[in-house]
Protein chains: 2
Amino acid sequence: MATRKPTAPELHRQAVAAYVAAGGEESVQRVITAVASLSKKLDQWYARQLADLDLASGEWAVVAALAKAGEPLTPSQLADLTNVAPSSMTHRLDKLAERGLVERAPDATNRTRVFVALTEDGWQLFSLAIRGSDVVESDVLQDLSEKERGELARLLEVVIARLDDIEA
Amino acid sequence: MATRKPTAPELHRQAVAAYVAAGGEESVQRVITAVASLSKKLDQWYARQLADLDLASGEWAVVAALAKAGEPLTPSQLADLTNVAPSSMTHRLDKLAERGLVERAPDATNRTRVFVALTEDGWQLFSLAIRGSDVVESDVLQDLSEKERGELARLLEVVIARLDDIEA
DNA sequence: CTCGAAGAATTCGACATCGAAATATTAGCA
DNA sequence: TGCTAATATTTCGATGTCGAATTCTTCGAG
């Protein structure tokens, strides 16, 4: 590699510049680009961390979705939450069930539906992964004061509150 | 669906609560979770928008990476930038080249390497997509003042500056 | 009550992606 | 120079994902 590998801030500036040059608005692109590259980097770390647990990132998404919901979900709901086709979920659940991380149970009131729930092992895996990743995440945010973190979270949450209204 | 579909802020709160319950730190999880869900939603919108241009999101990633770099890149670099295995890049580039969006050219000084560049059509497609998506992105940020957008961007950029130092 | 439409999960064939191996070229060193 | 290690791309077999079709159940109009 003749040219040095660019740093994250350099990549960020390049990206914003390119988007602005192509007709995007600067204040918008600075935010959007930063969110995208931050998320991308985090995903990479998670993938590595999950590899240690012998879990594909899509499988983790299922476990996390169930943990967040705190109650059983149907395969369709899981497919929706994890951004995957319902047909793909079937196989994923097969594998996760085989490993004993989730359980399928028929819905007594509606026999077309199936409920998927985390097993005890599933919960333990979730907790283990979270505690591990929290360390990395704290490192990422180490340059922000507690007050700044709160402000950052607040601003992001304002944006999130807008998400549902847009769909159109 | 018996239960109403949860809104984005509800999902966000649930996620933070689950992560904190599993041992994560709150100020960290609020930020990380918000970044993740925002990024996910944006990806969904991009995927839809790109479908109109008959472009898979991975193909877009290649076009965007080349546009941001502003110069030709090798398949390996593109694979790295777009988070994909080098072997997968081969086929993607084949397809993009077939559509006339990129061009491959051998590197005269090192015959192991190949340079990939955007064609004129590739640049036009990039510009078209950016102008289209900027509209959606502006909508997402509409609840933030110009000053708040600047502050949000600044905080995110502080975090990004830290990214490279962590790899360990 | 019956029949057709709608909804949910699964199966199936086609295609994209992955990791490992293969190929070709360059770089380093005795 | 000659030989080995390293680098870059591509090929290949296995696996995951997608969209369409399938099966089964429930809902609703007449």
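Each chain gets a letter, A, B and so on, in the order the sequences are listed, and its residues count up from 1.
One atom, CG of B/Leu55, and another, C1' of C/dA16, lie 15 Å apart when rounded to the nearest Å. A/Asp94 has its CG atom 13 Å from the P atom of C/dC12, to the nearest Å. Atom-to-atom, CG of A/Asn110 to C1' of C/dA8 comes out at 8 Å; the value is rounded to the nearest Å. The CZ atom of B/Arg92 sits 12 Å away from the C1' atom of C/dC18 (whole-angstrom rounding). Note: CH2 (A/Trp60) to P (D/dG16) measures 20 Å, nearest angstrom. Straight-line distance from the CG atom of B/Asp107 to the C1' atom of C/dT26: 12 Å, rounded to whole Å. The CZ-C1' distance, from B/Arg48 to D/dC18, rounds to 18 Å in whole Å. One atom, CG of B/Asn83, and another, C1' of C/dC18, lie 13 Å apart when rounded to the nearest Å.
If you check every strand for non-hydrogen atoms under 4.0 Å, B/Pro86 touches a base.
For B/Lys95 and B/Glu59, the salt-bridge test passes: some basic side-chain N is under 4.0 Å from an acidic carboxylate O. With respect to the salt-bridge test (charged N to carboxylate O, under 4.0 angstrom), the residues B/Arg154 and B/Glu157 do not qualify. A salt bridge links A/Asp165 with A/Arg162: at least one charged nitrogen is closer than 4.0 Å to a carboxylate oxygen.
Nearer to the 5' terminus of DNA chain D, by closest-nucleotide assignment, is the contact made by B/Val114 (compared with the other of A/His91 and B/Val114).
Contact check, B/Lys95 against C/dC15: no side-chain N or O comes under 4.0 Å of OP1 or OP2. Contact check, B/Arg113 against D/dT7: no side-chain N or O comes under 4.0 Å of OP1 or OP2. The phosphate of C/dA8 (OP1 or OP2) has no side-chain N or O of A/Thr112 nearer than 4.0 angstrom. Contact annotation: A/Arg104 does not reach the phosphate of C/dA8 (side-chain N/O to OP1 or OP2, under 4.0 Å). For the OP1/OP2 pair of D/dT26 and a distance below 4.0 Å, the side-chain nitrogens and oxygens of A/Arg111 include at least one atom meeting the criterion.
Between the side chain of B/Ser87 and the base of C/dG19, at least one donor-acceptor pair of N or O atoms lies under 3.5 Å.
Once rounded to the nearest 0.5 Å, the distance linking CD of B/Gln124 with CG of B/Leu118 reads 11.5 Å.
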Go through B/Asp107 and B/Thr109 one step at a time and tell me if the side chain to side chain donor-acceptor pair (under 3.5 Å) criterion holds.
CA-CA 6 Å; B/Asp107 176 356; B/Thr109 74; 3.1 Å; yes
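You'll find that the side chain of B/Ala85 is closest to C/dC18, out of C/dT11, D/dC18, C/dC18.
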